[in-house]
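Written below as structure tokens is the structure these notes are about.
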Amino acid sequence: MRRWIRDLHLYLGLLCIPYVVVFSVSSILLTHRVQLASTTEWQREIAPPVALDDRARAAAALAALGLSGHLKVSRENRDATAPLRFRASRPGRSYQIELHPVGLARVRETSWGLLGIIRELHGPPGRKDSLWALSWTLYTELTTAVLLFAVASGVWMALPLRGPRAIGIWAGGFGLVVVLAIAIW
């Protein structure tokens with residue numbers, strides 16, 4: 001039984017390594033507010049989308065521009081001659097788009113690159129319709145359960161140890177907790 005728990009502790013712990021690394025790097029990026037964004041602005045003429053509501057017009061304009069992302073359409077009252085303003089975002093990139101009724105689309109594109117993608121993986125996903133976000137959420141839940149099991153099984157395996165080895169394991173574990181607490185604080 002002890003060997004089975006040890007093997008489960010080891011291999012499930014290995015399953016968690018990618019998540020812990022990504023979560024650690026994104027924590028550093030959020031804590032230190034690392035911003036490596038580049039912004040470009042461009043415009044393009046497209047056929048004015050014919051739709052009844054603003055969300056459908058924004059989705060058609062996004063497709064006509066060859067862009068993809070999660071839409072956020074502002075809910076401001078506007079007349080038919082005012083431009084439609086909306087945002088689209090995907091991991092590592094976001095777009096602010098102003099669509100004029102004549103079909104002129106002005107786009108402000110911001111790219112954060114790989115660091116932006118990692119930063120976005122830190123928190124709960126804002127895109128509930130994304131398969132990637134759903135799978136990352138499930139991986140988060142699995143990792144949390146496995147890490148709790150790893151802590152409990154590690155303590156259970158270390159309890160019967162005696163002598164200098166036990167002192168080293170307990171002191172190392174306590175020291176690691178103190179260092180992590182100081183780093184978080």
Side-chain angles (χ1 to χ4, degrees), residues 1-40 62 66-73 86-97 107-185:
M1 170 88 168
R2 189 170 188 78
R3 180 184 166 112
W4 185 77
I5 294 288
R6 186 192 71 210
D7 288 348
L8 202 58
H9 175 90
L10 172 69
Y11 293 117
L12 287 178
L14 290 173
L15 176 73
C16 295
I17 287 175
Y19 181 85
V20 171
V21 168
V22 167
F23 196 79
S24 302
V25 170
S26 66
S27 295
I28 291 168
L29 294 175
L30 286 171
T31 303
H32 298 288
R33 300 193 192 281
V34 175
Q35 296 284 337
L36 297 175
S38 64
T39 302
T40 58
L62 199 63
L67 304 175
S68 64
H70 180 72
L71 281 175
K72 296 176 188 172
V73 180
F86 62 96
R87 293 175 184 252
S89 63
R90 62 182 196 192
R93 192 173 299 258
S94 68
Y95 309 98
Q96 292 178 336
I97 301 168
V107 180
R108 183 170 189 216
E109 181 177 345
T110 305
S111 174
W112 291 279
L114 180 61
L115 295 178
I117 294 171
I118 292 173
R119 183 186 311 119
E120 203 165 303
L121 289 175
H122 185 86
R127 294 161 195 79
K128 293 171 180 50
D129 58 343
S130 166
L131 183 60
W132 169 251
L134 174 64
S135 55
W136 185 257
T137 302
L138 293 174
Y139 186 46
T140 299
E141 297 300 325
L142 175 69
T143 301
T144 302
V146 168
L147 287 175
L148 290 173
F149 168 77
V151 168
S153 62
V155 168
W156 180 75
M157 289 187 294
L159 281 176
L161 294 177
R162 303 278 183 237
R165 184 173 178 200
I167 293 171
I169 288 174
W170 286 105
F174 181 73
L176 181 62
V177 167
V178 168
V179 166
L180 288 174
I182 290 171
I184 291 170
W185 185 39

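If you read the sequence from its start, that first residue is 1, and numbering goes on from there. Just so it is clear, the structure is predicted and the values come from calculations on it, not from any experiment. Atoms considered below: every heavy atom in the structure, side chains included; atoms not considered: hydrogens, waters and symmetry mates.
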Without placing hydrogens or testing angles, list every side-chain donor-acceptor pair under 3.5 Å for residues 147-154, not counting sequence neighbours.
| from | atom 1 | to | atom 2 | distance (Å) |
| --- | --- | --- | --- | --- |
| Ser153 | OG | His9 | ND1 | 2.6 |
| Ser153 | OG | Phe149 | O | 2.9 |
| Ser153 | OG | Ala150 | O | 3.2 |

Counting only pairs under 3.5 Å, give me each side-chain donor-acceptor contact of residues 174-182, with atom names and distances, residues two or more places apart or in other chains.
none

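Looking at residues two or more places apart in sequence or on another chain, you find a salt bridge (Lys or Arg N to Asp or Glu O under 4.0 Å) between Arg108 and Glu41. Every side-chain contact (heavy atoms from CB on, under 4.5 Å) that Ser68 has, sequence neighbours left out, goes to Arg90. Partners of Arg3 by salt bridge (Lys or Arg N to Asp or Glu O under 4.0 Å), not counting sequence neighbours, listed by chain and number: Asp7.
Looking at every heavy atom in both residues, Leu15 comes nearest to Tyr139 through O-OH, 2.8 Å. Contact record, Cys16 with Thr143: SG-CG2, 3.7 Å, taken as the closest heavy-atom pair.
Within the model, atoms NE2 of His70 and OH of Tyr95 stand 14.5 Å from one another, a figure rounded to the nearest 0.5 Å. To the nearest 0.5 Å, the span separating OG on Ser94 from CZ on Arg87 amounts to 7.0 Å. Considering CD1 of Ile5 and CG of Leu12, their distance stands at 10.0 Å, rounded to 0.5 Å.
When atom types are taken as modelled, the side chain of Arg2 and the backbone of Met157 share a donor-acceptor pair closer than 3.5 angstrom.
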